[in-house]
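Reading through the structure tokens given below for one structure.
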Amino acid sequence: MQFRGTVFRYGRDIDTDVIIPARYLNTSDPAELAKHCFEDLDTTFTSRVKPGDIVVADENFGCGSSREHAPVAIKAAGVSCVIAKSFARIFYRNSINMGLPILECPEAADAISEGDVVSVDADTGTITDETTGATFQAQPFPPFIQEIISDGGLVARTKRVMAEKGGN
């Protein structure tokens, strides 16, 4: 999986209520959630984000409630992946389940700036800041997690595997 985009840079302890405010949790429609992604943190995010862009953050990204709406909103907004120093564990797993690639790399999170153009090879964990030329190494996902993400999430993967086996 290869990604390339412009960076949106955020700080530490970005909780799920900031990613998608609770007032929008009455829907699970990805397109509707995308319209409100980060709106209480960055009112210009949805007007500036382009397909493939990348979010970079400090520690504890996705803390707070365990709602799946947060990674759905980020992915539906067009973000190709999130790079952070660390992720809240439930957000980490929800992101995989929803097919949102996330990479933990403290060195990259410290060095990459807002507006930099970054490319990511998620298969190898290589992160390249094309603006500065710096390269960083994150731990890549094992193959079975890469398959879940490539298929678009756990449900999509399960449906594909069941169809291949002739099940419903």
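Values in this document were obtained by computation on a predicted structure and should not be read as measured data.
Under the 4.5 Å side-chain heavy-atom criterion for ILVMFWY residues, a single connected hydrophobic cluster contains both Tyr92 and Ile14. In this structure, Leu41 is a member of the same hydrophobic cluster as Val55, with clusters built from ILVMFWY side-chain heavy atoms closer than 4.5 Å.
Shown here for Asp17 and Ala22, the closest heavy-atom pair between the two residues is OD1-CB, 4.2 Å. When all heavy atoms of Asp151 and Arg160 are compared, the closest pair comes out as OD2-NE, 2.9 Å. Closest heavy-atom contact between Pro21 and His36: CD-O, 3.7 Å. Here the closest non-hydrogen pair linking Ala77 and Ala34 is N-CB, 3.5 Å. Considering every non-hydrogen atom in both Ala122 and Phe3, the closest pair reads CB-CE1, 3.8 Å. Here the shortest heavy-atom pairing between Ala76 and Pro30 reads CB-O, 3.2 Å.
At least one side-chain heavy atom of Phe87 sits less than 4.5 Å from a side-chain heavy atom of Val82. Counting heavy atoms from C-beta on, the side chains of Thr16 and His69 never come closer than 4.5 Å. You'll find the side chain of Cys63 stays beyond 4.5 Å of the side chain of Phe91, heavy atoms only. Using a 4.5 Å cut-off on side-chain heavy atoms (C-beta onward), Thr135 and Ile127 make no contact. Side-chain contact check for Ser86 versus Phe61: every heavy-atom pair is 4.5 Å or farther apart. Inter-residue side-chain proximity for Asp15 and Val18 is flagged as met; some heavy-atom pair is nearer than 4.5 Å. Residues Val120 and Arg4 form no side-chain contact, since every pair of their non-hydrogen atoms from C-beta on lies 4.5 Å or further apart.
We find the OG1-CZ distance between Thr6 and Phe8 to be 7.5 Å, quoted to the nearest 0.5 Å. Rounded to the nearest 0.5 Å, atoms CD1 (Ile83) and SG (Cys105) are 7.5 Å apart. In this structure, Ile148 CD1 and Leu154 CG are separated by 5.0 Å, a value rounded to the nearest 0.5 Å. How far CD of Glu104 is from CD of Glu59: 11.0 Å, rounded to the nearest 0.5 Å. Of the inter-residue distances, the one linking Asn94 atom CG with Arg89 atom CZ reads 12.0 Å to the nearest 0.5 angstrom. In this structure, CZ on Arg67 lies 9.5 Å from CD1 on Ile19, to the nearest 0.5 angstrom.
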- Task: Any chance you could lay out the side chain to side chain contact (heavy atoms under 4.5 Å, CB included) test for Glu130 and Val118, step after step, and finish with the verdict?
- Result: CA-CA 5 Å; Glu130 295 180 9; Val118 169; over 6 Å; no

So Arg157 and Glu147, salt bridge (Lys or Arg N to Asp or Glu O under 4.0 Å) or not? Walk me through it.
-> CA-CA 7 Å; Arg157 172 151 173 64; Glu147 286 182 26; 2.8 Å; yes

Stepwise side chain to side chain contact (heavy atoms under 4.5 Å, CB included) test for Cys37 and Ile74:
CA-CA 6 Å; Cys37 189; Ile74 293 169; 3.9 Å; yes

- May I have the step-by-step check of salt bridge (Lys or Arg N to Asp or Glu O under 4.0 Å) for Arg12 and Asp58, ending in yes or no? CA-CA 4 Å; Arg12 63 180 298 160; Asp58 287 337; over 6 Å; no

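For the pair Ser80 (side chain) and Ile54 (backbone), a donor-acceptor distance under 3.5 Å is absent. Lys75 places a side-chain N or O within 3.5 Å of a backbone atom of Met98 that can act as its donor or acceptor partner.
Phe38 and Tyr10 have their aromatic ring centers within a separation under 6.0 angstrom.
The number of heavy-atom neighbours closer than 6.0 Å to NZ of Lys159, taken from other residues, nucleotides and ligands shown, is 12 or below. Annotation for Ile90: atom CD1 does not count as buried by contact number, only 12 or fewer foreign heavy atoms lying within 6.0 Å.
Residues Arg23 and Glu39 are paired through a salt bridge, judged by an N-O separation under 4.0 Å between the basic side chain and the carboxylate. Contact check on Asp53 versus Arg48 returns no salt bridge, with no Lys/Arg side-chain nitrogen under 4.0 Å from an Asp/Glu carboxylate oxygen. A salt bridge does not link Arg9 to Asp116: none of the charged nitrogens lies less than 4.0 Å from a carboxylate oxygen.
Between Asp42 and Thr44, the side chains place a donor N or O and an acceptor N or O closer than 3.5 Å (distance only, hydrogens not considered).
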